[in-house]
Each structure stands twice: as C-alpha cells, then as structure tokens.
Novice: 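A single structure is presented below for examination.
So that the names make sense, note that chain A is the first sequence line, chain B the second, and so on, each numbered from 1. All values below come from the heavy atoms of this structure, side chains included, with hydrogens, waters and symmetry mates left out.
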Amino acid sequence: DAKTTQPTSMDCAEGRAANLPCNHSTISGNEYVYWYRQIHSQGPQYIIHGLKNNETNEMASLIITEDRKSSTLILPHATLRDTAVYYCIVSGYGGSQGNLIFGKGTKLSVKP
Amino acid sequence: GAVVSQHPSWVICKSGTSVKIECRSLDFQATTMFWYRQFPKQSLMLMATSNEGSKATYEQGVEKDKFLINHASLTLSTLTVTSAHPEDSSFYICSAITNEQFFGPGTRLTVL
C-alpha cells in the first residue's frame, strides 16, 4: 500500500473550515484514499473515502487532485468535537477487504 | 454506519493472568475482523487478521501463542492475551468489514 504524508498538527478556529492535506504521491491506480479520525481513547471513526472523484457526505468533503498524488479533507464548519487525530490512508481493495495501515496522522485542534 | 462493540472497555489484571477481549459486529456479519494495538502517543498497529472458521493470520513480530484469536461466528471474534505482562498494557482495537471497515471503541488493558 502507498505511503501517505500528513502535517503533524493543525489548529482551526471553531466555526471555520478545517482543511487537512495529505500527500500520497506513490498511489497506484486501484488504491482508494480513506480518511478516519480518532478522538482521544476511542476507536477510529470512518469519515469518507474516494478513488478519483471528489466526494461529499454529511461529515466532510474529500478533494482529490487530478493526478491523485494528494488530497484534502474539508470539515466545513469545525466544532470543538472535531478535535481529533485525522488519518489519511491509501488502501487497495477499497479498504473493504484489506487491513488499513495507519500513519501518525494530523492532530487537529479546534479552538474556541 | 455499522456498529462494532468491544467488551470489556477496560480491564486491569495481575501479571501472569490471561485476559479475553470480545469484538462483536452488532448489525452485520463479518467474515473478517482485524485486531490492532495502540501504545500511548503512537498509531494503530495491526496485530492479526481474524477469519471466521479458520486460523488467524498474525503480523510479523506478534506471538500467536501469546495472543490467541478465535473467530467462531460471523459476529464474534475474541482476543485472549495469555500470561499477560506489564509490557502488554495497551489499547486493543478491533475492526470488522462490511461495505467499509468499522472499528470498535477499544479495550484498555493495564497489567500490574
């Protein structure tokens, strides 16, 4: 599975959009981009995933560049409860069959 | 999303005893479940892949005789930490696959 690079930490003001970048320059054609987050002392929570098209759900939007070498997770109106470690994971099999390899993620701190 | 539960949520035991952790998929059947371990301030590390009706597949460096995995039904996988020692103290997280991979809330094990 391809490796991802994320900033170690980010701050965001409550109510503002949080934009979390991820580089995955070695992604292969059949690998998806997955985003999970982990609030302190809890299991990871699925957020969103995509292959090449931009995706949006009730939690977030995922913007994938045309060359698929990077992506951005957007939380449109961050709240204090969005404070967590966000993991960008590239996975074959669409993540539905294989294990997910977690990197260090980005620690997002949403501040009042 | 699908719900995965773990029991217990936390456990404290004496060194040398064995501890069993249960992972259940509550509203779906899962032929494959994964067990992860997370030490403080570190990311999740895959320990083993649990397949219903067959032997688990362990990651390199994980002792299969110490971490016994049983996946006897499509909704239940168990991890038994045998002869636990203080270095086994960690946050153990399971996941199960339906259309996506969903994680349990984790079990915090403290070995005295």
Novice: Highest number of heavy-atom pairs under 4.5 Å with chain B: which of A:Gln45, A:Gln38, A:Lys104?
Specialist: A:Gln38
Novice: Do any side-chain atoms of residues 65-74 of chain B form donor-acceptor pairs under 3.5 angstrom with protein atoms, and if so which ones, sequence neighbours left out?
Specialist:
{"unit_1": "B:Lys66", "atom_1": "NZ", "unit_2": "B:Thr82", "atom_2": "O", "d": "3.0"}
{"unit_1": "B:Lys66", "atom_1": "NZ", "unit_2": "B:Ser83", "atom_2": "O", "d": "3.0"}
{"unit_1": "B:Lys66", "atom_1": "NZ", "unit_2": "B:Asp88", "atom_2": "OD2", "d": "2.9"}
{"unit_1": "B:Asn70", "atom_1": "OD1", "unit_2": "B:Ala72", "atom_2": "N", "d": "3.2"}
{"unit_1": "B:His71", "atom_1": "ND1", "unit_2": "B:Ser50", "atom_2": "O", "d": "3.1"}
{"unit_1": "B:His71", "atom_1": "ND1", "unit_2": "B:Ser50", "atom_2": "OG", "d": "2.8"}
{"unit_1": "B:His71", "atom_1": "ND1", "unit_2": "B:Glu52", "atom_2": "N", "d": "3.4"}
{"unit_1": "B:His71", "atom_1": "NE2", "unit_2": "B:Ala30", "atom_2": "O", "d": "3.2"}
{"unit_1": "B:His71", "atom_1": "NE2", "unit_2": "B:Ser73", "atom_2": "O", "d": "3.2"}
{"unit_1": "B:Ser73", "atom_1": "OG", "unit_2": "B:Thr75", "atom_2": "N", "d": "3.3"}
{"unit_1": "B:Ser73", "atom_1": "OG", "unit_2": "B:Leu76", "atom_2": "N", "d": "3.3"}

Novice: Who passes side chain to side chain donor-acceptor pair (under 3.5 Å) against A:Thr56, sequence neighbours left out?
Specialist: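 Only A:Ser61 meet the side chain to side chain donor-acceptor pair (under 3.5 Å) criterion with A:Thr56.
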Novice: Is it the backbone or the side chain of B:Leu44 that comes under 4.5 Å from a heavy atom of chain A, or both, or neither?
Specialist: both
Novice: For chain A, which residues from residues 104-112 of chain B have at least one heavy atom closer than 4.5 Å to it?
Specialist: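 Hits under 4.5 Å: B:Gly104, B:Pro105, B:Arg108.
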Novice: For the residue pair A:Tyr46 and A:Tyr36, does the interplanar ring angle fall in the parallel (under 30°), tilted (30 to 60°) or perpendicular (over 60°) class?
Specialist: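 Perpendicular: the ring planes of A:Tyr46 and A:Tyr36 meet at over 60°.
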Novice: Of the non-hydrogen atoms in A:Gly50 and A:Leu62, which two are nearest, and what is the gap between them?
Specialist: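 Looking at all heavy atoms of both residues, the closest pair is N-CD2, 3.5 Å.
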Novice: Taking the side chain as every heavy atom from C-beta outward, state whether B:Arg37 and B:Phe39 have any atom pair closer than 4.5 Å.
Specialist: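 In short, these two side chains touch, coming nearer than 4.5 Å.
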Novice: Please tell me whether B:Phe103 and B:Phe91 form a close aromatic pair, meaning their ring centres lie under 6.0 Å apart.
Specialist: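 Between B:Phe103 and B:Phe91, the centre distance exceeds or equals 6.0 Å.
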Novice: Please flag which part of B:Gln38 lies under 4.5 Å from any non-hydrogen atom of chain A: side chain, backbone, both or neither.
Specialist: side chain
Novice: Any salt bridge (charged side-chain N to carboxylate O under 4.0 Å, His left out) pairs touching residues 43-72 of chain A, not counting sequence neighbours?
Specialist: none
